[in-house]
Amino acid sequence: MIVKPKIRGFICTTSHPDGCAAHVQNQIDYVKSKPKLENGPKNVLVIGSSTGYGLASRIVPAFQSGANTLGLFFEKAGSERRPGSAGWYNSAAFEKAAQAEGLFAKSLNGDAFSHEMKAAALKIIQEEMGPIDLVVYSLASPRRTCPDTGEVYKSVLKTTGGEYTNKNLNTDKGLIEEVTIGAATQEEIDHTIKVMGGEDWELWIHLLADAGVLADGVKTVAYSYIGPELTWPIYTEGTIGCAKKDLEASAARLSAKLATECKGGSAYVSVNKALVTQASSAIPVVPLYISILYKEMKAKGIHEGCIEQIERLFRDRLYGDDLQLDETGRIRIDDWEMREDIQAAVAKSWESVSNENFSELGDFAGYQEEFLKLFGFGLDGVDYEAETDSLFAPASLS
Ligand code: NAD
C-alpha cells in the first residue's frame, strides 16, 4: 500500500510504517551517539511505551544501558486495507532494532487500566524477565474504564475557575484564532483525576511489589508538565493540573513504600518540556506556545525533542550524581524551557503574535514537521511513493 498523510484537526489518521521505523531509528542513533551508561537500568517496564515520552523512555534504557524492556500500549495493528497506528509501527521498529542487538524486547497491546493487562505483564516479568529495576509510567489517555465497576471516566481539558480566553493556533489551517475554554464541573475534575492522576500508577506498583518482582533500589517515574503562566489556566491550574497534583501525591506514597520494601527504592515525578506529541496537540493554547518556544530554544541552541529530554533525564538525573529536585520533590528536566531568558522572550512574542507576524515570531514550520514525523511522514531516506508493508508488526505480537 502507498500511504499518504490524512490530517483531521489535531490528528493524522494514517501513519507510514517505514517512516515510523526511520523516526525510531533516528532516536536510537541519537542515544548511540552518546556514551553508554553503565549504571543505568537493566530490566525495564514502560507503561505507555509506543509514542512520545514513553517511546523515548523505552529507547533510552535499551540503547544507553543495554536494558531488557517490556512495553505496554494501546495501538491499532495495520491490515491489508488500512495502515495501523504510529505507535504500533514504532513498537515494531523498536523490537526489531532491540532484538537485533540481542536485547529482550516484548510488548503488550491493550488497556493498561485493566486487570488483564496487569496480569499479562506480571506473567512475562515472572517467567521471562526477573526483577524490574525501573518502571516508567507515561500514559496519556482520554478515558479509563474502572476494572472493578466498569464505570467509564473521561478526562477533560478545562479550567477549574471561570471561562478562559486566549490565543490559539488552529494547527490544521495554520491560523491564530481566539479560543475560550470553559470551566469544569467538580465531577469533570474528579474524572480527570481518575484518568490522569496517580491511582493507576499506584495500582501497578503495588501489584508488582506484592508479587515480589521489584528489584532492590527500584526506581519508578511518571511525567508531568508545568510551563509558563500563560498556560496555567488550561494546564497547571486546570483539570489536568489537578490530576498531576494527584500524581505527585502518589509519588510521595510510592517513594515511602519502595524505600522500605525495596531497599532504597524511589518514585519520582519528572516535569518535562512542552513538546509536539499526539497528546499535547489536543490541548488548546499549547501548540501556539510550543511554536514560539521552539523558535526561541532553537535560536539559543537548546531545543530538545523527547529523546534528548529523556536521555538527559536518565544520564544526569535518575542515574546521575544529582537529581536536582525542586522544592516539592520533583525532577525538573524542563529547566531549559523555564530559563528566564527563554520565558521572557516567549512572553514578549506572545503579547504581539498575530497572523501577520506569526512566521517571524513562531516556528510553525518546525511544529508541522514534528507533527508529521509523529506519524512517520517527512523522514529523510523514506520513499513515500513506494509500496510499504502495512502489516509490519511487533515481532512479539505477530
Ligand atoms: P503520547 O500520546 O505520545 O503517548 C501516550 C502513550 O499512552 C502511548 O503509548 C499510548 O499507546 C498509551 N496509552 C494511552 N491510553 C492507554 C491505555 N488505556 N492503555 C495502554 N496504553 C495507553 O503522550 P505523551 O505526550 O508522550 O505523554 C506521556 C506523559 O508525558 C503524559 O503523562 C503527559 O502528561 C506527560 N508530558 C507530556 C508533555 C508534552 O508536551 N507532550 C510534557 C510534559 C509531560
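In each ligand, atom 1 is the first atom listed, and ligand 1 is the first ligand listed. Fair warning: this is a prediction, and the values are worked out from it, not measured in the lab.
The residue from Tyr223, Phe73, Tyr225 that puts a heavy atom closest to atom 30 (O) of ligand 1 is Tyr223. Among Glu75, Gln309, Arg143, Arg58, the residue whose heavy atom lies nearest to atom 11 (O) of ligand 1 is Glu75. Selection from Ser281, Ser224, Gly110 by nearest heavy atom to atom 20 (C) of ligand 1 gives Gly110.
Of all protein heavy atoms, the one lying nearest to atom 33 (C) of ligand 1 is Lys244 NZ, 3.8 Å. The protein non-hydrogen atom at the shortest distance from atom 27 (O) of ligand 1 is Ala140 CB, 3.8 Å. The shortest contact between atom 36 (N) of ligand 1 and any protein heavy atom is with Tyr53 CD1, 4.1 Å. Protein heavy atom at the shortest distance from atom 24 (P) of ligand 1 is Thr277 OG1, 3.8 Å. In terms of protein heavy-atom proximity, atom 4 (O) of ligand 1 is closest to Thr51 OG1, 3.0 Å.
For Phe358 and Phe364, the gap between ring centers is short of 6.0 Å.
Contact analysis leaves Ser85 out of contact with ligand 1, as no non-hydrogen atom separation drops below 4.0 angstrom. Using a non-hydrogen distance threshold of 4.0 Å, Ser138 registers as a contact of ligand 1. Not a single heavy atom of Arg144 lies less than 4.0 angstrom from ligand 1. Residue Tyr235 places a heavy atom under 4.0 Å from ligand 1.
A salt bridge links Arg312 with Glu304: the closest approach of a Lys/Arg side-chain nitrogen to an acidic carboxylate oxygen falls below 4.0 angstrom.
At under 3.5 Å, a nitrogen or oxygen of Asp111, whether backbone or side chain, sits near a nitrogen or oxygen of ligand 1.
Contacts with ligand 1 closer than 4.0 Å are made by no heavy atom of Cys306, backbone or side chain.
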